[in-house]
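For reference, the structure is listed below as structure tokens.
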Amino acid sequence: MFGLRLSLWLRSKTQVCPVSWQSFHKLASLQKATALPPKKVQSLLYPFSALEAYLDSSVDRTPFQLFHPSLEDMVDAEKLFYPSPSHKIDYYISAERMDHVPALKPPEVCFIGRSNVGKSSLIKGLFSLTPQLEVRVSKTPGHTKKMNFFRVGKAFTVVDMPGYGHRAPTDFVDMVEPYLLTRKNLVRTFLLVDGSVGFQKADMVALEMCEEIRRPYVLVVTKIDKCGYGTLLTNLLDLQEVVKTQTTSCFPQPLLVSSLHFEGIYLLRCFIAHVTGSIRLMDTGQT
């Protein structure tokens with residue numbers, strides 16, 4: 001029923017895009033995802049739903065379902081990730097220092113995370129509806145050495161920050177901290193944590209930096225396809241305990257994603273569209 005309802009809704013929405021469907025990843029769009037079985041569609045849109053059956057009944061599900069937009073909201077958000085002549089999506093510039101950072105007016109979101117957490121792969125997944133946009137993904141940890149700016153029309157800008165930890169730029173703190181402190185149009189920082197290995201010491205340092213800066217941020221749990229449900233749940237609950245007891249500026253709900261299988265990509269697109277003021281949500285609660 002879920003898959004049929006989604007298919008009917010999407011078919012009623014005409015999507016005009018200058019790029020052929022054949023050049024997209026097979027799961028880049030909601031419309032393509034609906035060809036899968038309903039249970040799989042549910043886990044693609046709301047990844048936490050696949051874990052609920054393995055949770056003890058005593059565990060409160062509420063913190064994991066605070067942001068639960070409707071299908072209609074996700075469709076509206078997805079439209080922002082399609083390029084058109086009047087809505088260009090492109091790589092704009094790279095910067096090594098704050099005095100190199102461009103003065104842009106649209107709201108910004110930035111992604112930070114430990115080297116090899118899958119940050120560039122995630123950004124590539126977000127922009128998979130714009131396959132001509134090059135987001136370099138390297139097998140070598142620490143590939144991103146600069147702040148890379150990607151413009152999404154006049155709606156918002158996505159900033160790919162250098163990774164911390166292994167092979168991080170020696171001036172990582174000098175590069176990233178001033179941006180987080182002074183960037184007036186920064187509306188959300190996404191701090192990525194590898195779901196297959198859990199919260200690391202380097203992640204705690206980054207979290208403490210975000211807490212000291214006192215600007216809103218969100219934890220994104222990556223690589224949820226790289227481990228079993230037991231390991232993922234253990235790491236997720238440990239992470240949730242950190243959020244509950246040691247943060248004040250962090251959104252209570254970690255967002256789960258798999259760049260390989262596209263789980264959570266649609267939800268993350270919708271969250272970005274929401275926090276940048278690009279769409280007005282009809283409903284964000286569990287129904």
Side-chain angles (χ1 to χ4, degrees), residues 25-27 33 36 39-40 42-56 59 61 63-65 67 110-126 128 135-144 160-168 172 189-210 217-247 250-269 271:
H25 184 283
K26 63 180 180 180
L27 293 177
L36 298 172
K39 187 175 181 180
K40 180 61 177 177
Q42 180 77 14
S43 66
L44 283 171
L45 298 181
Y46 310 106
F48 180 73
S49 65
L51 301 177
E52 281 195 86
Y54 301 91
L55 272 177
D56 188 270
V59 177
R61 272 78 165 160
F64 300 101
Q65 299 172 325
F67 185 74
C110 75
F111 287 81
I112 64 174
R114 187 168 50 85
S115 299
N116 205 32
V117 75
K119 180 165 50 63
S120 295
S121 295
L122 174 57
I123 293 175
K124 186 173 183 178
L126 289 173
S128 55
V135 180
R136 296 187 64 186
V137 178
S138 174
K139 294 182 179 179
T140 305
H143 176 75
T144 304
D160 182 8
M161 308 295 280
Y164 54 80
H166 178 65
R167 296 191 65 180
F172 171 83
T189 296
F190 292 95
L191 174 57
L192 276 54
V193 176
D194 187 335
S196 66
V197 300
F199 202 59
Q200 304 290 297
K201 289 183 179 179
D203 298 323
M204 178 58 77
V205 173
L207 183 141
E208 290 173 348
M209 178 180 67
C210 290
Y217 66 101
V218 185
L219 293 177
V220 177
V221 181
T222 65
K223 300 186 180 182
I224 63 173
D225 57 285
K226 299 296 184 182
C227 61
Y229 285 157
T231 298
L232 178 59
L233 271 175
T234 297
N235 293 337
L236 182 59
L237 292 175
D238 288 345
L239 180 61
Q240 186 64 22
E241 184 64 20
V242 171
V243 172
K244 181 180 178 180
T245 60
Q246 301 186 43
T247 72
C250 184
F251 184 59
Q253 176 184 341
L255 301 179
L256 311 181
V257 295
S258 165
S259 302
L260 180 63
H261 296 153
F262 270 69
E263 292 163 322
I265 294 294
Y266 319 100
L267 188 69
L268 182 54
R269 284 175 181 160
F271 194 92

Are the side chain of [X] and the backbone of [Y] linked by a donor-acceptor contact shorter than 3.5 Å?
X: K119; Y: L192; result: no
X: R269; Y: L126; result: yes
X: S259; Y: G125; result: no

Would you call [X] and [Y] a side-chain contact if the rule is heavy atoms closer than 4.5 Å?
X: V197; Y: R114; answer: yes
X: L236; Y: I224; answer: no
X: L122; Y: L268; answer: yes
X: L256; Y: E263; answer: no
X: L51; Y: F64; answer: no
X: L207; Y: C250; answer: no
X: V205; Y: Y164; answer: no
X: I112; Y: C210; answer: yes

Does NZ belonging to K226 count more than 12 external heavy atoms closer than 6.0 Å? no

Test L55 against F48 for side-chain contact (heavy atoms from CB on, under 4.5 Å), laying out the working first. CA-CA 10 Å; L55 272 177; F48 180 73; 3.4 Å; yes

Assess the residue pair L44 and L267 against the criterion (side-chain contact (heavy atoms from CB on, under 4.5 Å)); give the C-alpha distance rounded to whole Å, side-chain angles, the decisive distance to 0.1 Å, and a yes or no. CA-CA 9 Å; L44 283 171; L267 188 69; over 6 Å; no

Nearest-0.5 Å distance, [atom1] of residue [X] to [atom2] of residue [Y]:
X: T189; Y: F111; atom1: OG1; atom2: CZ; value: 10.0 Å
X: L36; Y: K26; atom1: CG; atom2: NZ; value: 8.0 Å
X: Q200; Y: N235; atom1: CD; atom2: CG; value: 8.5 Å
X: Q42; Y: S49; atom1: CD; atom2: OG; value: 4.5 Å
X: K40; Y: H261; atom1: NZ; atom2: NE2; value: 6.5 Å

Can you name the nearest heavy-atom pair linking [X] to [Y], along with the distance?
X: K223; Y: D194; answer: CD-OD2, 3.5 Å
X: P254; Y: L239; answer: CB-CD2, 4.4 Å
X: Y266; Y: F262; answer: CE1-O, 3.5 Å
X: C110; Y: M161; answer: CB-CG, 4.0 Å
X: M204; Y: V242; answer: CE-CG1, 4.0 Å
X: D225; Y: L260; answer: OD2-CD2, 3.6 Å

Pair T222-S121, side-chain contact (heavy atoms from CB on, under 4.5 Å): steps then yes or no: CA-CA 10 Å; T222 65; S121 295; over 6 Å; no

One pair to check against ring pair (Phe, Tyr, Trp, His ring centres under 6.0 Å): F251 and F67. What are the steps and the verdict? CA-CA 10 Å; F251 184 59; F67 185 74; 7.1 Å; no

Could you walk me through whether D238 and T234 pass the side-chain contact (heavy atoms from CB on, under 4.5 Å) check? CA-CA 6 Å; D238 288 345; T234 297; 3.9 Å; yes

